There are 2 protein chains.
Amino acid sequence: MRLSTRGEYGVKAMIDLALHYGEGPIALKSVAERQFISEHYLEQLIASLRKAGLVTSVRGAQGGYELARPPGEITVGDVVRVLEGPIAPVECVDESQEFSNCTHSESCVTRIVWKRLRDSITQVLDSTTLADLSAEARKMQAREAPPMYYI
Amino acid sequence: MRLSTRGEYGVKAMIDLALHYGEGPIALKSVAERQFISEHYLEQLIASLRKAGLVTSVRGAQGGYELARPPGEITVGDVVRVLEGPIAPVECVDESQEFSNCTHSESCVTRIVWKRLRDSITQVLDSTTLADLSAEARKMQAREAPPMYYI
DNA sequence: TTAATCCCGACTAATTTAATTGGAATTCTT
DNA sequence: AAGAATTCCAATTAAATTAGTCGGGATTAA
């Protein structure tokens, strides 16, 4: 029940982009540095996110990446699905499969829990947007660096 | 976000044992056959479940395994934790770790979703007992083989 | 005594993960 | 026009994990 680093890093990077949304293209190098992720590895991940239409890119010097939509319109579920594949604790409750592909009737019993689990996972991931999380990030930053009161 | 076959098979096997609870020890071979699982592989899984105190074993001919407690007192979460390890979508929200081990403050933002996700996963897994699932299994069986009405 | 069963440890092939490497193409700045 | 900064792309790789297999020892009911 673990995400791989693809999902983990991908969400971090997307929040980073959300925090800079509206500032024009952000270089991947700077994202990688702030989030302590290998730049080359992050390149692979963002390539998937670009192909999936979640980010846009600008090539050349001063280029970089931007969210393709406002942070409020991209959910963690969107990002995780691109980087980790369809959300399904076991194959037979894969959300992208229409038909039940249980080969054995016994499986159908366990299928009940796995479906409930899948739905509860998607509920959380699909109801959390990048805007929600960057708002939290800003709150935290405020707490970390409190206002200074001069005499 | 996938369970390995350890968790998947383990839950199947435990439901099988739940369906035979009270009948004395059940040979692993029969469980493996009913659930279409390699017996040798299942042996490894049940060894973990035995060491964790979820099943008891009886050696020798006519031996086998039984649930250590009534099906209503064993949850899917119990089984999954033994076979898959602590429930945590990412390491930094590992339920078995007391302290926050986020090395980077940035992580703390994503941590919010992962915690919510973890809690929603545990909520589902810990609220479903083997008794719940074997009740469902019996319902299904009844539907599969409906009563015959003679003229 | 024999067959059925649990118990144990070592081995393995395939797959996945988490990168690394090296370079080509594009574009801004000077 | 040159150079630097960047995205884009494909191939390679080492380590870990997964999903078993294999072979045999110990225990016990019949």
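When reading the values below, keep in mind they use all heavy atoms of this one structure, side chains included, and skip hydrogens, waters and symmetry mates. Please read all numbers here as calculations on a predicted model, not as lab measurements. Quick note on labels: first sequence line is chain A, next is B, and so on, each numbered from 1.
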Contact nearer the 5' end of DNA chain C, comparing A:Glu43 with A:Ala61: A:Glu43

Please list, by residue number, the residues of residues 18-28 of chain A whose heavy atoms come closer than 4.0 Å to an atom of DNA chain D; answer none if no residue qualifies. A:Ile26, A:Ala27, A:Leu28

How long is the line joining CE of B:Met1 and P of C:dT16, in whole Å? 17 Å

From the candidates D:dC8, C:dC8, D:dA30, the one with an atom nearest any side-chain atom of B:Lys51 is C:dC8

At less than 3.5 Å, do the side-chain atoms of B:Gln44 and the base atoms of D:dA19 form a donor-acceptor pair? no

May I ask you to evaluate whether A:Tyr9 reaches the phosphate of C:dA18, defined as a side-chain N or O under 4.0 Å from OP1 or OP2? no

Strictly by modelled atom types, are A:Tyr41 and A:Thr5 linked by a side-chain donor-acceptor pair under 3.5 Å? yes

In whole angstrom, what separates A:Arg59's CZ from D:dC8's C1'? 5 Å

Using modelled atom types and a 3.5 Å cut-off, is there a donor and acceptor pairing between side-chain atoms of A:Asp119 and backbone atoms of A:Arg116? no

Nearest whole angstrom, please: distance from the C1' of D:dT18 to the CD of B:Glu8. 13 Å

Could you tell me whether the side chain of B:Gln35 and the main chain of B:Ala13 form a donor-acceptor pair under 3.5 Å? no

Take B:Glu39 and A:Val58, find for each the nucleotide of DNA chain D with the closest heavy atom, and name the residue whose nucleotide sits nearer the 5' end. A:Val58

For the side chain of B:Arg50 and the backbone of B:Ser57, is there at least one donor-acceptor N/O pair under 3.5 Å apart? no

B:Ser57 side chain near C:dT5 phosphate (N/O to OP1/OP2, under 4.0 Å): no

Between P on D:dT17 and CZ on A:Arg6, what's the gap in Å once rounded to a whole number? 18 Å

If you compare every side-chain N and O of B:Tyr65 against the phosphate oxygens of C:dC7 (OP1, OP2), does one of them come in below 4.0 Å? yes

Among A:Asp16, A:Leu67, A:Leu54, find the residue that satisfies the side chain to side chain contact (heavy atoms under 4.5 Å, CB included) test when tested with A:Leu130. A:Leu67

From A:Met14 atom CE to A:Leu83 atom CG, the distance as rounded to the nearest 0.5 Å: 8.5 Å

Which comes earlier along DNA chain C counting from the 5' end, the contact point of A:Ser38 or that of A:Gly60, where each point is its nearest nucleotide? A:Ser38

Quick one: B:Arg2 CZ to C:dT15 C1', roughly how many Å, whole number? 14 Å

Closer than 4.0 angstrom, basic N to acidic O: yes or no for A:Asp78 and A:Arg69? yes

Nearest-Å distance for atom pair NZ/P, residues A:Lys29 and D:dT7: 10 Å

Whole angstrom value for the distance that separates C1' of C:dT12 from OH of B:Tyr41: 14 Å

Between C1' of C:dC8 and CD1 of B:Ile46, the distance in whole Å: 16 Å

